[in-house]
Amino acid sequence: MEYALECIDVHKSFGRHQIHKGINLKVVKGAITYIIGPSGTGKSVLLKQLCGLMPPTKGRVIVNGKDLTSLNRNELVNMRKKFGILFQNAALFDSMNVFQNVAFPLVEHSKMSKDEIAKTVTEKLRLVGMKDVEDKMPSELSGGMRKRVGLDRAIALNPDIILYDEPTTGLDPIMCDVVDTLIHDTQKQLGVTSIVISHDIESTLKIADYIAMLYDGKVVLYGTPEDFKNTDNPYVKQFFSASKEGPISII
Amino acid sequence: MIRLLNFLGDHFIGIINTSGSMTLMFLDSLRLMFVRPFRVKLLFKQIEFIGVNSLTVIILTGSFTGMVFAFQSYIGFQKFGAEQIVGTVVALGMARELGPVLSAIMVAARAGSAMTAEIGTMKVTEQVDALNALGVDPVQYLFVPRILAGFIVMPMLNAIAVFCGIVGGFVVSITVLGINKTLYLEYMFQFIELGDFINGMVKAFVFGGIVTLVGCYKGYMTTGGAEGVGKSTTESVVMASVMILVFDYVLTAFMF
Ligand SMILES: Nc1ncnc2c1ncn2[C@@H]1O[C@H](COP(=O)(O)OP(=O)(O)O)[C@@H](O)[C@H]1O
Ligand SMILES: [Mg+2]
């Protein structure tokens, strides 16, 4: 099996606060890998380390055979063009309107003409079910709309690896399904590698090729949805049954 | 006692640390000024931003400082009958010292703080990460246009402050203090040199870099949500003001 991305013994601390205590994870190329786990376990922090936005305190992250921690800033900036990232709260540029946000990567990195960019942006927005919002500012959008715009911006440059940070959190059930389908289709059409952070167990089991569950700074279980359905792992069982009884402590 | 030493030591290390990383950021920005893409549009936006934000306040501070300065120096010079020299003193003081320092502190308070708030908000809402993720160097995108704009706009604002100060001093001297107009102007033009203005312009240029660098740096280093943005913004103004005064001394000593 070919891997797009590997974490080797990744440790991360903020001051004395230890977030990751040795994460080992191999992300299969061209597949959808879900990372699940309770809030505050450091899923977002892991995502940022995967694309070199944050250096691990210890350990290595390998992308396409290159160790991210050994790259200089220029190489990192270039490497990141291979990634499309949807941030947890979309992180739209709030000084720009929707059109400028989605067009941003195209303006920066493609050789498209103004007309082509305009056409592409409208097309992409339609793809996520949005129309006539080009002139709106991010502050005028609902959380779900912002997420969809953020998704468009993330995939505008046809990246090899797409990272989604809780793409469906805060969306209504119908929009959830739209986004799930979008993740699925994007992966099938473009053959990209997708890494999705999620709380949504139903869509995780439906769409994921592989799942990794994170708890207390480590991967407690990695496997296919089948493995997860049949496991005896108490952490997974508690998380899946949405119960407060179990080994996962609620602080 | 040991706690005090500890505190001082930590503080000292903190200052060294900040100066170091700020210097690195500055050198990086300087280098990136010459690397494509050149963001001309952003540069003009920042020039406008700093200019528009600061113009009124600079005209006001400039004029009133010149007016007060005329009053105060009149009190001194009147004692040995040298009132007509007030014009020279006001012009010299404004051009070499008060113009650049006051306008820089005003720009720090108006535009520098706003820069910190803007970039700080971008930092805590992951927009800076998003820039990075989209293959755009945030230092080049955020720092370079602002610092360049600072270098360009600050001398212009200084010129306006100096001009307003001299005019303010003149008006007060003639109308309120009743100094002889012809003598006032004669002395002023006789004793003031182009070098005095250039001296002030060099300062303004440097201060423009300081204010914008601090504004960007403090914003970029922001952590901890909305509260963190507020904290950085205050710190930005304080730090820029202190640095302006320190560099003012250094520059004055150098160019004496
Ligand atoms: N830049 C940072 N500085 C300090 N602590 C951070 C930073 N980013 C995240 N954390 C901490 O790391 C922990 C994990 O955060 P996060 O990855 O956002 O969790 P989640 O799994 O919900 O996405 C939290 O306790 C958070 O406070
Ligand atoms: Mg998160």
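Within every chain, numbering begins at 1; the chains are lettered A, B, ... in the order of the sequence lines, protein sequences first and strands thereafter. Being a predicted model, the structure only gives us computed values, none of them experimental. Heavy atoms only: backbone and side chains are in, while hydrogens, waters and symmetry mates are out.
The 12-atom threshold is exceeded at NZ of A/Lys188, counting heavy atoms of other residues, nucleotides or ligands nearer than 6.0 Å. Residue-environment remark: CZ (B/Phe163) stays at or below the threshold of 12 foreign heavy atoms within 6.0 Å. Other residues, nucleotides and ligands place more than 12 heavy atoms under 6.0 Å from the CZ atom of B/Phe38. Few gaps surround CZ on A/Phe93; more than 12 heavy atoms of other groups in view lie less than 6.0 Å from it. No more than 12 heavy atoms of other residues, nucleotides or ligands lie within 6.0 Å of CZ in B/Phe247, so this atom counts as exposed by the packing criterion.
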Please tabulate, one pair per line, the donor and acceptor atoms of chain B and chain A that lie under 3.5 Å from each other, or say none if there are none.
unit_1: A/Lys48; atom_1: NZ; unit_2: B/Glu126; atom_2: OE2; d: 2.8
unit_1: A/Lys48; atom_1: NZ; unit_2: B/Asp129; atom_2: OD2; d: 3.3
unit_1: A/Arg73; atom_1: NH1; unit_2: B/Asp28; atom_2: OD2; d: 2.4
unit_1: A/Arg73; atom_1: NH2; unit_2: B/Asp28; atom_2: OD2; d: 2.9
unit_1: A/Arg73; atom_1: NH2; unit_2: B/Asp137; atom_2: OD2; d: 2.6
unit_1: A/Arg80; atom_1: NH1; unit_2: B/Asn132; atom_2: OD1; d: 2.9
unit_1: A/Asp94; atom_1: N; unit_2: B/Gln127; atom_2: OE1; d: 3.1
unit_1: A/Asp94; atom_1: OD2; unit_2: B/Gln127; atom_2: NE2; d: 3.0
unit_1: A/Glu108; atom_1: OE1; unit_2: B/Arg39; atom_2: NH2; d: 2.9
unit_1: A/Glu108; atom_1: OE2; unit_2: B/Arg39; atom_2: NH1; d: 2.8
unit_1: A/His109; atom_1: NE2; unit_2: B/Leu134; atom_2: O; d: 2.6
unit_1: A/His109; atom_1: NE2; unit_2: B/Gly135; atom_2: O; d: 3.4

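Interface residue A/Leu92: only backbone heavy atoms are found under 4.5 Å from chain B. If you measure heavy-atom distances from A/Phe83 to chain B, the contacts under 4.5 Å come from the backbone alone.
Among all heavy-atom pairs drawn from A/Ala91 and B/Ala130, the shortest one is O-CB, 3.8 Å.
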